[in-house]
S.K.: 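Please read through the structure below; I'll follow up with questions.
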Amino acid sequence: MTIDASTVQPLWDLPTNHDRLAEHVHLKDRVIVDVGCGAGGLVRFLRAAGASPIGVECGEAMIRQAREADTEYADAYLDGVGQDLPIEDDSADVVIFSYSLHHVPVEHMTAALAEAGRVLRAGGELVVLEPIAEGPGFETHRPIDDETVVRAQAQSALDNDRPGDLTETASYRYTTAYSYFDMAELEKVLIDIDSERRAAFESVKDEVDVLFHEHGEEHGGRYWFPQPVLMRIFTKN
Ligand SMILES: C[S@@+](CC[C@H](N)C(=O)[O-])C[C@H]1O[C@@H](n2cnc3c(N)ncnc32)[C@H](O)[C@@H]1O
């Protein structure tokens with residue numbers, strides 16, 4: 001089932017990806033692996049929702065931020081990549097890739113999906129949230145790193161290369177929003193995710209600055225950008 005939950009609400013009132021996950025995925029008392037957990041915001045949200053989350057991350061700056069923001073649970077963040085998860089077989093109720101599958105190198109996407117299948121117990125769910133390559137936010141980021149191809153490759157891997165025992169059981173398309181205080185915050189966020197963007201950012205900074213102010217909707221001291229998202233859920237037989 002695909003629900004198009006586009007809305008006329010102001011951007012700053014739109015449900016977040018965390019809200020959408022809580023709406024569509026049972027979280028409480030579940031062991032959840034967040035693959036490519038970044039700075040750990042989702043891991044902390046999942047714990048607050050009653051889950052036992054484990055974050056897996058390969059970015060040095062990211063995992064440091066995650067552990068520093070969650071010192072009591074620093075051990076819940078493991079160094080690792082999606083294509084070689086440091087997690088036992090059949091041990092997770094849910095595996096989440098939130099905006100991270102398209103960061104797995106394309107030659108490893110099939111392995112990453114196989115790894116998700118390996119660590120999930122029977123009846124467990126793989127949940128993949130991917131930003132769709134369209135809209136003002138995407139157009140603002142595009143000169144720095146055009147992710148059109150890798151995002152399509154992530155969807156194609158899900159369609160064609162996932163393990164045979166993962167059946168797609170739901171999908172939801174909705175619009176969320178993200179916001180930045182200023183261009184400096186945008187720069188930090190994008191470069192923390194992938195340090196190779198630093199050089200590109202320097203060369204297109206003026207162009208991005210124009211797009212940022214053209215597309216960003218100002219509210220509460222921040223600039224807001226809509227982002228269409230596809231959430232796909234696969235259940236392990
Ligand atoms: C756009 S960020 C998303 C962070 C977080 N999941 C979120 O939703 O905010 C993409 C993340 O994928 C991570 N990543 C890069 N290569 C990866 C790989 N091979 N396997 C898993 N994650 C990877 C990056 O380090 C980065 O933290």
Side-chain angles (χ1 to χ4, degrees), residues 1-3 5 16-38 40-58 66 73 75-132 150-174 229-237:
M1 169 181 56
T2 297
I3 296 173
T16 63
N17 285 322
H18 294 184
D19 296 329
R20 293 293 188 190
L21 269 168
E23 191 180 337
H24 297 303
V25 181
H26 180 84
L27 304 175
K28 192 167 168 8
D29 297 328
R30 297 185 105 186
V31 173
I32 303 183
V33 180
D34 179 11
V35 183
C37 68
L42 177 57
V43 170
R44 296 191 292 280
F45 173 82
L46 294 170
R47 190 177 310 110
S52 299
I54 300 162
V56 176
E57 176 54 52
C58 58
Y73 292 94
D75 293 349
Y77 299 91
L78 307 179
D79 283 295
V81 288
Q83 63 270 30
D84 187 14
L85 287 174
I87 306 282
E88 307 252 310
D89 294 3
D90 304 317
S91 62
D93 298 304
V94 180
V95 172
I96 301 177
F97 284 79
S98 168
Y99 286 37
S100 55
L101 186 57
H102 67 272
H103 283 271
V104 174
V106 64
E107 66 274 20
H108 296 313
M109 281 181 189
T110 307
L113 297 178
E115 280 291 88
R118 177 183 67 75
V119 306
L120 279 171
R121 63 164 179 77
E125 291 170 309
L126 167 65
V127 181
V128 182
L129 280 80
E130 277 286 316
I132 296 170
V150 287
R151 292 184 190 182
Q153 286 167 331
Q155 296 303 332
S156 167
L158 286 168
D159 288 334
N160 304 313
D161 305 324
R162 67 177 190 269
D165 58 356
L166 288 180
T167 303
E168 186 158 15
T169 43
S171 71
Y172 307 93
R173 185 190 153 120
Y174 57 87
V229 178
L230 186 59
M231 180 193 300
R232 300 177 69 177
I233 302 179
F234 304 84
T235 302
K236 184 171 169 179
N237 304 332

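Heavy-atom basis, side chains included; hydrogens, waters and symmetry copies ignored.
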S.K.: With distance as the sole test, does Thr110 use its side chain to make a donor-acceptor pair with the main-chain N or O of Asp161 at under 3.5 Å?
M.R.: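 It does not hold such a pair.
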S.K.: How are the rings of His18 and Phe45 set relative to one another: parallel (under 30°), tilted (30 to 60°) or perpendicular (over 60°)?
M.R.: tilted
S.K.: Looking at CG of Leu129 and CG of Asn17, how far apart are the two atoms once the value is rounded to the nearest 0.5 Å?
M.R.: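 That separation rounds to 5.0 Å.
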S.K.: Please name the pair of heavy atoms, one in Ala112 and one in Val104, separated by the smallest distance, quoted to 0.1 Å.
M.R.: CB-CG1, 4.2 Å
S.K.: Between Leu230 and Gln155, does the side chain to side chain contact (heavy atoms under 4.5 Å, CB included) criterion hold? Intermediate values first, please.
M.R.: CA-CA 10 Å; Leu230 186 59; Gln155 296 303 332; 3.7 Å; yes
S.K.: Any side-chain heavy atom of Val81 sitting closer than 4.5 Å to one from His108?
M.R.: no
S.K.: Ignoring hydrogens, what is the shortest heavy-atom contact between Met231 and Leu21? Give both atom names and the distance.
M.R.: CE-N, 3.9 Å
S.K.: Quick one: closest heavy-atom pair of Leu27 and Ala49, and the distance?
M.R.: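 Heavy atoms only, the tightest pair is CD1-CB, 4.1 Å.
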S.K.: Is the terminal nitrogen or CZ of Arg20 (NZ for Lys, CZ for Arg) located under 6.0 angstrom from the six-membered ring centre of Tyr174 and within 45° of that ring's axis?
M.R.: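 Flagged: Arg20 positioned over aromatic ring of Tyr174.
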S.K.: Distance from Ile233 atom CD1 to Ile96 atom CD1, nearest 0.5 Å?
M.R.: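 The CD1 atom of Ile233 sits 9.5 Å away from the CD1 atom of Ile96.
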S.K.: Which atom pair, heavy atoms only, marks the closest approach of Val31 to Ser91?
M.R.: CG1-O, 3.6 Å
S.K.: Please determine whether the number of non-hydrogen atoms from other residues, nucleotides or ligands lying under 6.0 Å from atom CD of Glu107 exceeds 12.
M.R.: yes
S.K.: How many angstroms lie between atom CZ of Arg118 and atom CG of Asp89, to the nearest 0.5 angstrom?
M.R.: 5.0 Å
S.K.: Determine whether the side chains of Asp159 and Ser156 contain a donor N or O and an acceptor N or O closer than 3.5 Å.
M.R.: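 Asp159 vs Ser156: no donor-acceptor pair found between side chains.
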S.K.: Where do Thr235 and Gly123 come nearest, in terms of heavy atoms and distance?
M.R.: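 Result for this residue pair: CG2-O, 3.9 Å.
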S.K.: Work out which heavy atom in Gly36 is nearest to a heavy atom in Glu57; give both atom names and the distance.
M.R.: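 Closest approach of Gly36 to Glu57: C-OE1, 3.3 Å.
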S.K.: Looking at CD1 of Ile54 and CG of Asp75, how far apart are the two atoms once the value is rounded to the nearest 0.5 Å?
M.R.: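 Reported value, rounded in 0.5 Å steps: 11.5 Å.
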S.K.: Among residues at least two apart in sequence or on other chains, which ones pass ring-ring contact (aromatic ring centres under 6.0 Å, His included) with Tyr73?
M.R.: none
S.K.: Nearest 0.5 angstrom please: Gln83 CD to Leu113 CG, how far?
M.R.: 11.0 Å
S.K.: In chain order, what residues pass the ring-ring contact (aromatic ring centres under 6.0 Å, His included) check against His103, with sequence neighbours excluded?
M.R.: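 His103: no ring-ring contact (aromatic ring centres under 6.0 Å, His included) contacts found.
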S.K.: Would Ile32 and Val25 satisfy side chain to side chain contact (heavy atoms under 4.5 Å, CB included), going step by step from the backbone distance to the final call?
M.R.: CA-CA 11 Å; Ile32 303 183; Val25 181; 5.8 Å; no
S.K.: Is it the case that Ser98 and Asp34 place a side-chain donor and acceptor less than 3.5 Å from each other?
M.R.: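 The answer is no; no qualifying pair exists.
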S.K.: Does Leu120 reach the side chain of Glu125, with side-chain heavy atoms less than 4.5 Å apart?
M.R.: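 Side-chain contact under 4.5 Å: no.
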S.K.: With salt bridge (Lys or Arg N to Asp or Glu O under 4.0 Å) as the test, would you mind laying out the steps for Arg232 and Glu168 before giving the verdict?
M.R.: CA-CA 7 Å; Arg232 300 177 69 177; Glu168 186 158 15; 2.8 Å; yes
S.K.: Hey, could you give me the CG/CE distance between Leu158 and Met109, rounded to the nearest 0.5 Å?
M.R.: 9.0 Å
